[in-house]
Amino acid sequence: MKNFTTNLFKTIIIVLVFAAAVIFTGCNSVKAIPLSYSSNEDVDVAYIYFELYKRNSISGATYITYDGKDTPKAEKFTYWSPVEVPAGQPLKLSLKLLYKEDRSDFGDDNCVAVCCTSVFNAFEAARDVNQEIIFDVPPLEPYVDYVISYRKGPGIPGNSYVTLTRKDTKEVICVREYN
């Protein structure tokens, strides 16, 4: 009877650990969903991919729409990538920039540590970005894959840089700076 109880207890622990791992890792993942417009059926198209990266939270540039087109909002834990856009004409992409600076923690052992944490966190919060921008894209070549990436520059609050790169040759097509 003792072996049965011990084995049952081990099995329950293993199942709980596995369930916790699935819940905590599955809920934090973000999935790319392709997007195409039916109005692009009779025209040459290009494909734009979006690079997101994860630090303490998801950071990067995500797609909203282009030239004011009616685009559904991406569901929770998803983002549009690749996006099919018309080639050979300039576009105005609406993008959402996301960035959250890591926060310092000097502990709460004494007043000095708490004050240092508060001061540093205020500076770090000033670097956070959550804004919508218009990204002007020059005419793209038909049936070519491009990547839009985002990086946060140094300083407080620091500028944001959005880059359009051709995927196959790594050629930088354009870089825009935003405050």
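Predicted, not measured: the structure shown is a model, and the values here were computed from it.
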Derivation of the side-chain contact (heavy atoms from CB on, under 4.5 Å) call for Y47 and Y146: CA-CA 6 Å; Y47 303 93; Y146 296 88; over 6 Å; no

Side-chain heavy atoms of I133 within contact of V162, under 4.5 Å: yes

Return the minimal non-hydrogen interatomic distance between A32 and S81, and the atom names on each side. CB-O, 3.6 Å

C174 and F135, any side-chain heavy atoms less than 4.5 Å apart: yes

Report, as yes or no, whether the 6.0 Å neighbourhood of atom CD on E75 holds more than 12 heavy atoms from other residues, nucleotides or ligands. no

Between W80 and P72, the two heavy atoms sitting closest are NE1-O, 3.1 Å

Salt bridge (charged side-chain N to carboxylate O under 4.0 Å, His left out): which pairs involve residues 155-170, sequence neighbours left out? E141-R166, R166-D168

Answer whether the closest heavy-atom distance between the side chains of L164 and V172 falls below 4.5 Å. no

Separation between CD1 (I173) and OG1 (T165), nearest 0.5 Å, reads 7.5 Å

side-chain hydrogen bond (donor to acceptor under 3.5 Å, both in side chains) partners of S160, counting only residues at least two apart: Y150

Return yes if a side-chain donor-acceptor contact under 3.5 Å exists between Y178 and N159, otherwise no. no

Would you mind telling me which of L35, I33, T65 makes a side chain to side chain contact (heavy atoms under 4.5 Å, CB included) with V83? L35

List for me each residue that meets side-chain hydrogen bond (donor to acceptor under 3.5 Å, both in side chains) alongside T78, sequence neighbours excluded, and say none if there are none. none

Those residues that, when tested against S149, pass side chain to side chain contact (heavy atoms under 4.5 Å, CB included) (two or more places apart): E51, T163

With a cut-off of 3.5 Å and sequence neighbours excluded, list every side-chain donor-acceptor pair involving residues 90-98.
unit_1, atom_1, unit_2, atom_2, d
K92, NZ, D136, OD1, 2.9
K96, NZ, N130, OD1, 2.9

Full working for side-chain contact (heavy atoms from CB on, under 4.5 Å) between Y63 and I148: CA-CA 9 Å; Y63 177 78; I148 288 185; over 6 Å; no

Partners passing side-chain hydrogen bond (donor to acceptor under 3.5 Å, both in side chains) against E132 (at least two apart in sequence or in another chain): none

